[in-house]
Amino acid sequence: MNDMSAALPPFDENTAEAFSATVAETIDAAAVAIMISVGHRTGLFDVMAGLKPSRSGQIAEAAQLTERYVREWLAVMVTGGIVNYDPETGSYHFPPEHAACLTRGAPLGNFSVAALAIPLVGGVEDRILSCFETGEGTQYGDYPCFHHMMAEDSAQTVVAQLFDIILPLVPELQDRLEQGIDVLDAGCGSGRALVALAARYSASHFTGYDLSKDAIESAKRSASAAGLHNTTFEVRDLTDFDSPNSFDFVTSFDAVHDQKDPQSLLTGLYKSLRQDGVYLMQDIGGSAHLEKNMDFPMASFLYMISCMHCMPVSIGQGGQGLGTMWGWETAEEMLKIAGFSEPERHVLPHDPMNVWFVSRKNG
Ligand SMILES: C[S@@+](CC[C@H](N)C(=O)[O-])C[C@H]1O[C@@H](n2cnc3c(N)ncnc32)[C@H](O)[C@@H]1O
């Protein structure tokens, strides 16, 4: 026996039993989470939201899927407390109060988009295991469907609130956009936010840069489908971004912490602004201190995404791997080092998971 084990408190049987029950519940909840992803991707949630209590065959027919698979999925949904089941009639019902956070366009935001992340990272587990040994990172290409998932997330986290809640964080902005300014979205992904802005403000020009060829192609398709002539989307590594005095308004939505060199990017974005230009940055709003994140919404999920995606993709670019929970304190400090003397920090009531910084270039 060494000194450390000698200092351990006595083993408590009751605590161990209660904890094993907690672990079982955690694994059971994870099983429901992956089937929430299936419910979203098959469209079953959206179909069921429009049905009165129905038998599995009726639900399968309405969703144009096979009954046997739908019935097994329904069993998870029933035991997981998402769908109600009446054994007398053999019918299943998806209550509207549950549909309110699990369907496309749901008023409370669609949580099943977050569930997409579970199978997504499951697919890269073997690669991450070897990263634990070697310290290497991953590439975006290791995560098929990542940009598709982000586009869905962006549509509800950013685009749905863009005009009524987010842009008003910068009071003069909407007038300037009406008059005509140059806008950059750094790490624009599939460009959902930029396309929405470009469609609203035809006198302004909107540029989106992203490392991912697939995401940029998707953004170009969306802009073209919307008939826009005021957008430029380009594949570009923003690590050493150097385009001084080029833009009046710069945005980044959830696109700084997983960069190779976030500080270098922020410094480049500061320089890219013209005098009186504004940088609007959305990122994850957790704290840089683990102990302060114990009650942060979905903290375990965010640290998991960090370990399985955000940190390794940064390391994979040769970067430092700040991680998803780099913390608003780190972000604020980096904005100041970049040159923004007084970044304003906002947390929006509808979205406690994110932080929004408004930073101005003046002086
Ligand atoms: C979490 S995603 C956010 C995408 C988009 N802003 C959205 O909200 O959907 C982060 C984005 O940063 C991009 N990115 C990462 N490193 C980059 C780099 N060095 N240069 C340019 N873009 C990069 C990724 O390709 C990815 O699209």
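As a basis for the values below, the full set of heavy atoms in this structure was taken, side chains included, without hydrogen atoms, waters or symmetry mates. As the structure lists them, so they are numbered: ligands from 1, and atoms in each ligand from 1.
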**Asked** How far apart are the closest heavy atoms of Cys310 and His257, and which atoms are they?
**Response**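 Looking at all heavy atoms of both residues, the shortest contact is SG-NE2, 3.4 Å.
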**Test item: Asp254 side-chain N/O and Ser154 main-chain N/O as donor-acceptor pair under 3.5 Å** =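 Looks like no, no N/O pair under 3.5 Å.
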**Asked** Would you find a donor on one side and an acceptor on the other, under 3.5 Å apart, between the side chain of Thr22 and the backbone of Ala18?
**Response**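 At least one qualifying donor-acceptor pair exists.
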**Asked** Using a threshold of 4.0 angstrom between heavy atoms of the protein and any atom of ligand 1, which residues qualify?
**Response**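 Near ligand 1, by chain and number: Tyr140, Phe146, His147, Met150, Ser154, Gly187, Cys188, Gly189, Asp210, Leu211, Ser212, Arg236, Asp237, Leu238, Thr239, Phe253, Asp254, Asp258, Gln259, Gln317.
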**Request:** Decide whether a cation-pi geometry holds between Arg200 and Phe163; the criteria are a distance under 6.0 Å from NZ or CZ to the six-membered ring centre and an angle within 45° of the ring axis.
**Result:**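 Flagged: Arg200 positioned over aromatic ring of Phe163.
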**Item:** Tyr270 six-ring centre to Lys361 NZ/CZ under 6.0 Å and within 45° of normal
**Value:**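 Cation-pi check for Lys361 and Tyr270: passes.
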**Asked** Excluding sequence neighbours, so at least two apart, what forms side-chain contact (heavy atoms from CB on, under 4.5 Å) with Asp351?
**Response**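 Applying side-chain contact (heavy atoms from CB on, under 4.5 Å) to Asp351 gives Thr157, Met353, Asn354, Trp356.
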